[in-house]
Amino acid sequence: MKSFFFLILCLPLGQAIAQNPLQMSAGKLRSLDRLSYSVITRHLIFENQETDTLRNNEQVVRNDPFTGSYFMMKERSSTSLYAGDQLTVLYPKDSTYKTEKPRGNQYIRSLTQYWAGQFEKFLSYPDRLKNFPDTLIDGKESYHLRYSQKKDSLIGDYLTYNRHDIYIDKASLLPAQIISDMQLMYNELPSRVTSVYSYQNYDLNPADFPALSSIQIPGHYQDMNTKPVTGKPVLVPLKAGTPAPDFALKAISGEELRLDDFRNRVVLLNFTSVVCPHAYSSMGGLRRIEEKFRDKNLKIISIYDDTSSPEDKVRHMLETFRMDYVSAVLNGDSLAQKYHSEGYPNFYIIDPNGKIAYYAGGYSADIEKQLTEQLEGLLGRQ
């Protein structure tokens, strides 16, 4: 018995305790001075998918906690260069650029700047980490770990969670894939957002590497904030008191919608899209507005864009969020132009005389409050 314990105690510590793959991957990323790789990103918002392929270059700056690293991200239509508290974006199509302070979540695609730190953070909460059997990612045997931001919970019969599934290539110890998956109740409605980052074509400490710290803005590029506006004019929202542009529409339910038919009623127009996360954020607010003014003369019409909102997706969205009170219209880009509506969601309130009463762009709790107050003022006078 004594010799058995002696054998256990004499084992080297590294053989008795296996290092966590996240720790090994974070250490590998921290050891690099330069890193190039491709990342395929897929964002799934309520079963609608957007995909992009990026080529990233990262240059670590040692002993400089302020800068940390330079990070260049090449997308289809732009190149972004992050350096500490400055972001420069180049747009080759029209030879313009902009500079601004980067938001924290803009670094999420950086392995050395963001994910190495996240791996180290995850390790400090071992009760939230779970190991799964190894799996194949793009033909490479990979570790699989899951980090849960919070415990899974049920709201009624709806499971809510916020988790990251991380796959580490066993050979290179570099991330092969990261899946961030969040399912929650937002404004009393079910919501799910999934982001998938697939990493490929790694080149570690390459000799042929752009000097990110000394990249200059090309001399012929112009600041997009000062360049004279040419071509398509900027659309300014219609002002209160302006006669509302006429429309004759047909909802997907078959309902005929004409502006003249809504004289003596108040109309809330919602220009929206099934691929916009802010549009999903507005669902709960729209439902609360409908419930508050259900017995009043309020008509809510949602105008969906041409390219991203096919009928099957719109119908599925309406059914899931129980939006039977909304008259939904497809292919609304031409009407959006008439109403000077760019981006999603945008709201117009039309008064009983057919004039613009109020405009709001985007969505937040404050905008919901403003819309509600405007509607109270109009419907209270009827």
Side-chain angles (χ1 to χ4, degrees), residues 40-53 75-77 155-162 179-198 235 247-257 267-291 299-348 360-364 367-368 371:
I40 300 172
T41 67
R42 287 177 290 156
H43 300 292
L44 296 92
I45 305 171
F46 189 64
E47 302 181 9
N48 300 291
Q49 178 171 301
E50 292 184 337
T51 302
D52 201 359
T53 300
E75 302 178 77
R76 284 191 296 260
S77 59
I155 300 179
D157 58 354
Y158 187 73
L159 178 66
T160 66
Y161 55 80
N162 188 351
I179 302 176
S180 298
D181 193 9
M182 179 172 60
Q183 185 163 285
L184 69 160
M185 295 294 287
Y186 190 92
N187 283 330
E188 303 174 4
L189 295 171
S191 302
R192 185 180 183 186
V193 178
T194 305
S195 297
V196 182
Y197 305 93
S198 300
L235 296 180
F247 58 76
L249 308 168
K250 189 172 185 177
I252 59 176
S253 62
E255 179 186 11
E256 300 287 343
L257 304 167
V267 178
L268 176 58
L269 289 182
N270 169 31
F271 292 93
T272 188
S273 172
V274 298
V275 297
C276 176
H278 304 294
Y280 286 93
S281 300
S282 70
M283 299 291 182
L286 280 176
R287 190 171 69 172
R288 284 188 290 274
I289 286 173
E290 188 276 333
E291 290 173 349
K299 180 67 175 179
I300 301 177
I301 303 173
S302 288
I303 313 295
Y304 287 86
D305 70 304
D306 290 13
T307 55
S308 304
S309 302
E311 182 173 348
D312 60 331
K313 298 287 188 182
V314 172
R315 287 186 180 277
H316 184 48
M317 180 179 182
L318 297 175
E319 291 170 3
T320 300
F321 290 98
R322 305 187 299 278
M323 296 177 65
D324 55 330
Y325 57 86
V326 168
S327 296
V329 176
L330 303 176
N331 301 318
D333 284 3
S334 60
L335 187 65
Q337 282 290 110
K338 289 182 180 180
Y339 276 80
H340 295 193
S341 175
E342 289 186 312
Y344 312 105
N346 282 326
F347 301 92
Y348 276 102
Y363 184 76
S364 66
I367 287 177
E368 179 185 341
L371 291 172

Fill in: Over all atoms of both residues, closest heavy-atom pair of Ile367 and Ala360
CG2-CB, 3.8 Å
Worksheet item: Heavy atoms, side chains only, cut-off 4.5 Å: are Leu286 and Phe347 in contact?
Response: yes
Worksheet item: Which heavy-atom pair separates Gly332 from Asp306 by the least distance, and what is that distance?
Response: N-OD1, 3.1 Å
Fill in: From Tyr344 atom OH to Asp305 atom CG, the distance as rounded to the nearest 0.5 Å
4.0 Å
Fill in: side-chain contact (heavy atoms from CB on, under 4.5 Å) between Met323 and Tyr325, intermediate numbers included
CA-CA 5 Å; Met323 296 177 65; Tyr325 57 86; 4.1 Å; yes
Fill in: From CG (Leu330) to CZ (Arg315), nearest 0.5 Å
8.0 Å
Fill in: Side-chain heavy atoms of Phe247 within contact of Ile301, under 4.5 Å
yes
Practice prompt. Fit a plane to each ring of Phe271 and Tyr348, take the angle between them on a 0 to 90° scale, and name the class: parallel (under 30°), tilted (30 to 60°) or perpendicular (over 60°).
Written response: perpendicular
Fill in: Distance (rounded to the nearest 0.5 Å) between Lys313 NZ and Ser273 OG
11.5 Å
Practice prompt. Output yes when a side-chain donor or acceptor of Arg288 lies under 3.5 Å from a complementary backbone atom of Glu368, and no otherwise.
Written response: no
Worksheet item: Is the closest side-chain heavy-atom distance between Arg42 and Ser198 below 4.5 Å?
Response: yes
Discussion item. Can you tell me how far apart CG (Leu371) and CD1 (Ile289) are? Round to the nearest 0.5 Å.
Written reply: 5.0 Å
Fill in: Met182 CE to Thr160 OG1 distance, which is reported to the nearest 0.5 Å
11.0 Å
Practice prompt. Measure from the side-chain N and O atoms of Ser282 to the backbone N and O of Gly285, and report whether any donor-acceptor pair falls under 3.5 Å.
Written response: no
Worksheet item: Do Leu335 and Val329 touch side chain to side chain, with heavy atoms closer than 4.5 Å?
Response: no
Discussion item. Please check this pair: side chain of Ser309 against backbone of Val274, looking for a donor-acceptor N/O pair closer than 3.5 Å.
Written reply: yes
Discussion item. Applying side chain to side chain contact (heavy atoms under 4.5 Å, CB included), can you list everything that pairs with Ser302, at least two apart in sequence or on another chain?
Written reply: Asn270, Thr272, Tyr304, Val326
Worksheet item: For the side chain of Asn346 and the backbone of Ser341, is there at least one donor-acceptor N/O pair under 3.5 Å apart?
Response: no
Worksheet item: Atom OG1 of Thr194 and atom CD of Gln183: how far apart are they, to the nearest 0.5 Å?
Response: 8.0 Å
Fill in: Results of salt bridge (Lys or Arg N to Asp or Glu O under 4.0 Å) for Asp181 - residues two or more places apart only
Arg192
